[in-house]
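Have a look at the structure below before the remarks.
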Amino acid sequence: MKNLKTVVIAVLCAGLCLGYYYYLVHRDSGKEEAITEADMIITQDLDDSYPKTARGVVKFYNRILKCYYSQDYTEEQLEKMTAQARKLMDEELQEANSETAYLAAVKEDISSYNEDKKTIYSISMDGSNEVLYKTIQGRECAYVDVTYSMKGKKNAGRSNQTYILRKDDGGRWRILDFYQ
């Protein structure tokens with residue numbers, strides 16, 4: 001009887017140890033990989049959840065820009081991100097920059113940043129009450145100023161850019177142009 005108790009306790013302890021070992025080995029197998037910023041940008045459904053304000057459009061476009069220079073994506077993801085960026089553009093800007101031309105320009109710009117070892121470490125944008133609105137040729141336009149703070153291998157600096165947006169026929173703000 002005493003031996004039987006000892007055997008049962010030993011079998012239970014061995015079973016608990018084996019169960020815990022199995023848990024440790026297989027606990028990560030059900031988890032998905034972490035979603036990257038590139039994935040979040042690509043999966044943003046701009047048809048159903050397009051940014052409602054001019055500032056929101058520029059903010060999303062700047063998320064894309066920052067991701068371009070992070071180098072944490074595949075070639076396929078880069079192509080999809082440039083497609084997302086083009087969805088934020090006015091028809092005139094899209095016509096002036098075909099998909100292939102825009103992708104090539106982005107790749108060239110990324111290459112230039114990499115050669116200079118530049119990184120964008122901060123992006124600041126006008127507050128919503130600082131966005132300038134005008135009506136030009138009967139169309140609503142908005143001007144949004146953005147400041148990029150960058151570091152490079154030789155120096156650090158700031159770059160200011162003004163985005164000009166125009167409402168399309170559906171009432172969505174689209175990037176028409178930008179200048180420094």
Side-chain angles (χ1 to χ4, degrees), residues 36-73 77-78 80-99 101-180:
T36 65
E37 178 68 3
D39 290 330
M40 290 175 68
I41 289 167
I42 291 166
T43 57
Q44 177 76 32
D45 185 357
L46 292 176
D47 294 326
D48 290 335
S49 60
Y50 193 85
K52 299 199 182 324
T53 64
R55 191 175 183 281
V57 171
V58 174
K59 187 175 182 179
F60 188 66
Y61 185 76
N62 279 288
R63 274 184 66 194
I64 296 170
L65 287 182
K66 193 164 185 180
C67 194
Y68 284 162
Y69 304 116
S70 75
Q71 292 295 305
D72 190 24
Y73 50 80
Q77 287 175 315
L78 177 62
K80 289 179 179 178
M81 284 191 295
T82 58
Q84 287 286 73
R86 283 180 45 78
K87 288 180 183 178
L88 301 172
M89 296 177 185
D90 188 86
E91 287 178 1
E92 283 183 36
L93 187 56
Q94 287 179 358
E95 288 171 10
N97 295 286
S98 69
E99 285 182 49
Y102 181 67
L103 179 60
V106 167
K107 286 180 178 181
E108 186 177 317
D109 204 31
I110 290 169
S111 178
S112 173
Y113 265 68
N114 289 340
E115 285 174 18
D116 295 340
K117 296 191 189 302
K118 279 186 188 176
T119 57
I120 299 173
Y121 67 88
S122 173
I123 299 173
S124 59
M125 182 181 328
D126 278 351
S128 56
N129 59 345
E130 298 172 318
V131 175
L132 177 64
Y133 295 94
K134 292 183 178 181
T135 301
I136 300 173
Q137 296 178 349
R139 305 264 316 257
E140 285 184 73
C141 294
Y143 295 78
V144 181
D145 292 327
V146 178
T147 300
Y148 301 95
S149 300
M150 296 173 280
K151 293 180 194 174
K153 66 182 177 184
K154 295 180 182 174
N155 57 16
R158 290 183 177 202
S159 174
N160 297 313
Q161 192 150 320
T162 299
Y163 288 85
I164 304 168
L165 295 93
R166 178 169 66 184
K167 269 194 180 177
D168 66 10
D169 295 334
R172 292 181 168 178
W173 289 104
R174 305 284 182 171
I175 299 170
L176 176 63
D177 202 358
F178 40 88
Y179 60 89
Q180 288 186 329

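FYI, the numbering just counts along the sequence from 1.
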query: Is the closest side-chain heavy-atom distance between M81 and V106 below 4.5 Å?
result: no
- line: Rounded to the nearest 0.5 Å, the CG atom of N62 sits from the OH atom of Y68 at a distance of 11.0 Å
Under 3.5 Å donor-acceptor pairs involving side-chain atoms of residues 117-127, not counting sequence neighbours:
{"residue": "D126", "atom": "OD2", "partner": "D145", "partner atom": "N", "Å": "3.2"}

R139 side-chain N/O to K167 backbone N/O, donor-acceptor pair under 3.5 Å: yes
Side chain proximity check, T82 to E99, heavy atoms < 4.5 angstrom: no
Spatial distance of atom NZ (K59) from atom CZ (R55) [nearest 0.5 Å]: 6.0 Å
query: Is it the case that more than 12 heavy atoms not belonging to D45 sit under 6.0 Å from its CG atom?
result: yes
- prompt: With distance as the sole test, does D109 use its side chain to make a donor-acceptor pair with the main-chain N or O of A105 at under 3.5 Å?
  reply: no
- prompt: Is Y113 close to I110 at the side-chain level, that is, under 4.5 Å between some pair of heavy atoms?
  reply: no
field: Any donor-acceptor pair under 3.5 Å from Y179 side chain to T162 backbone
entry: no
- prompt: Got L88 and I64 here, is their nearest side-chain heavy-atom distance under 4.5 Å?
  reply: yes
- request: Show your reasoning for whether side chain to side chain contact (heavy atoms under 4.5 Å, CB included) applies to L78 and L103.
  value: CA-CA 8 Å; L78 177 62; L103 179 60; 4.1 Å; yes
query: Quick check: are there more than 12 heavy atoms from other residues, nucleotides or ligands sitting under 6.0 Å from CD of E130?
result: yes
field: Option among R86, K87, K80 that satisfies the side-chain hydrogen bond (donor to acceptor under 3.5 Å, both in side chains) test with Q84
entry: K87
- prompt: How long is the span from the CG atom in N97 to the OH atom in Y102, to the nearest 0.5 Å?
  reply: 8.0 Å
message: Is the shortest side-chain heavy-atom distance between E91 and D168 below 4.5 Å?
response: no
Taking every non-hydrogen atom, the tightest pair across C67 and Y73: O-CE2, 3.1 Å
- prompt: K66 versus E37: any side-chain heavy-atom pair under 4.5 Å?
  reply: no
field: Rounded distance [0.5 Å steps], CD in Q161 versus CG in L65
entry: 8.0 Å
message: I need the minimum non-hydrogen distance between A54 and W173, along with the two atoms involved.
response: N-CD1, 3.3 Å
message: My understanding is that only residues two or more places apart in sequence, or in another chain, count here; which of them pass salt bridge (Lys or Arg N to Asp or Glu O under 4.0 Å) with K151?
response: none
field: Pairwise side-chain contact, V57 with R174, heavy-atom cut-off 4.5 Å (strictly under)
entry: no
query: If you look at every heavy atom in I175 and L93, which pair is closest and at what distance?
result: O-CD2, 3.5 Å
Exam field: side chain R172 to backbone R166, donor-acceptor pair closer than 3.5 Å: no
- prompt: Parallel under 30°, tilted from 30 to 60°, perpendicular over 60°: which one fits the rings of Y163 and F178?
  reply: tilted
